[in-house]
Amino acid sequence: QGQLVESGGGLVQAGGSLRLSCAASGRTFNSYTVGWFRQAPGKEREIVAAMSWNGGSTRYGDSVKGRFTISRDNAKNTAYLQMNSLKPEDTAVYYCAARKSLRVALTKDAYDDWGQGTQVTVSS
């Protein structure tokens, strides 16, 4: 079982951008589907975006479509989440997750490994 470490979170004004990174170690990264989830206080953890092992398939949560972009660089064992046009309702802890499958999944129970999370706060 490998390790996932998120970075890039912080405080940003509404309308701004952030780029999150997820560095993976201890695994063959290119055989894993990667997902980004988020959890706001008092709410369930929800899917933000997911990408298949080769980037050929991507899926997004409805609330972030057109604003967020998931990508990955298997040579660097790193996944990214570019977040543009941020809104106060995007405020949450963002988690990177990995699933040892070639198929994209949108539910948190489908993922095996999780990072510790990084806080994103969007001020109005």
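Heavy-atom basis, side chains included; hydrogens, waters and symmetry copies ignored.
In terms of modelled atom types and a separation under 3.5 Å, the side chain of Asn74 and the main chain of Trp53 share a donor-acceptor contact. Not one N or O on the side chain of Glu6 forms a donor-acceptor pair closer than 3.5 Å with the backbone of Thr118.
Residues Val93 and Val48 are members of separate hydrophobic clusters, defined by side-chain heavy-atom contacts under 4.5 angstrom among Ile, Leu, Val, Met, Phe, Trp and Tyr. In this structure, Val64 is not a member of the same hydrophobic cluster as Ile47, with clusters built from ILVMFWY side-chain heavy atoms closer than 4.5 Å. Taking hydrophobic clusters as Ile, Leu, Val, Met, Phe, Trp and Tyr residues chained together by side-chain heavy-atom distances below 4.5 Å, Leu81 does not share a cluster with Leu106. Residue Leu18 is not grouped with residue Tyr80 when hydrophobic side chains (ILVMFWY) are merged at heavy-atom distances under 4.5 angstrom, including chains of intermediate members.
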Apply side-chain contact (heavy atoms from CB on, under 4.5 Å) to Trp36 and Met83, showing your working. CA-CA 12 Å; Trp36 285 97; Met83 306 186 295; over 6 Å; no

Could you walk me through whether Val5 and Gln116 satisfy the side-chain contact (heavy atoms from CB on, under 4.5 Å) test, starting with their C-alpha distance in whole Å, then the side-chain angles of each, then the deciding distance to 0.1 Å, before giving a yes or no? CA-CA 7 Å; Val5 179; Gln116 82 288 348; 4.3 Å; yes

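Rounding to the nearest 0.5 Å gives a distance of 6.0 Å between OG1 of Thr33 and OH of Tyr111. Within the model, atoms CG of Leu11 and CD of Gln119 stand 9.5 Å from one another, a figure rounded to the nearest 0.5 Å. Rounded to the nearest 0.5 Å, atoms OH (Tyr60) and CE (Met51) are 6.0 Å apart. Put simply, CZ on Arg72 and OG on Ser21 are 13.5 Å apart, with the number rounded to the nearest 0.5 Å. The line from OG of Ser52 to CD1 of Ile70 is 9.5 Å long, rounded to the nearest 0.5 Å. For the atom pair CZ (Arg19) and OG1 (Thr69), the distance works out to 10.5 Å, reported to the nearest 0.5 Å.
Residues Ser71 and Asp73 bring no donor and acceptor atom of their side chains to less than 3.5 Å of each other. Using modelled atom types, one finds no donor on one side chain facing an acceptor on the other under 3.5 Å when comparing Arg103 with Ser101.
Closest non-hydrogen pair, Ala79 versus Val34, comes out as CB-CG1, 3.7 Å. The two atoms that bring Pro88 and Ser124 nearest to each other are CG-CB, 3.8 Å, heavy atoms only. The minimum heavy-atom distance between Ala110 and Ala105, with the atom names listed, is CB-CB, 3.6 Å.
Using a 4.5 Å cut-off on side-chain heavy atoms (C-beta onward), Val12 and Ser17 make no contact.
Every residue two or more places apart in sequence or in another chain that forms a side-chain contact (heavy atoms from CB on, under 4.5 Å) with Lys100 is listed here: Ser31, Tyr32, Asp112. Checked against side-chain contact (heavy atoms from CB on, under 4.5 Å), Lys43 has the following partners two or more places apart in sequence or in another chain: Ala40. Partners of Asp90 by side-chain contact (heavy atoms from CB on, under 4.5 Å), not counting sequence neighbours, listed by chain and number: Arg38, Arg67, Phe68, Leu86, Lys87, Tyr94, Val122.
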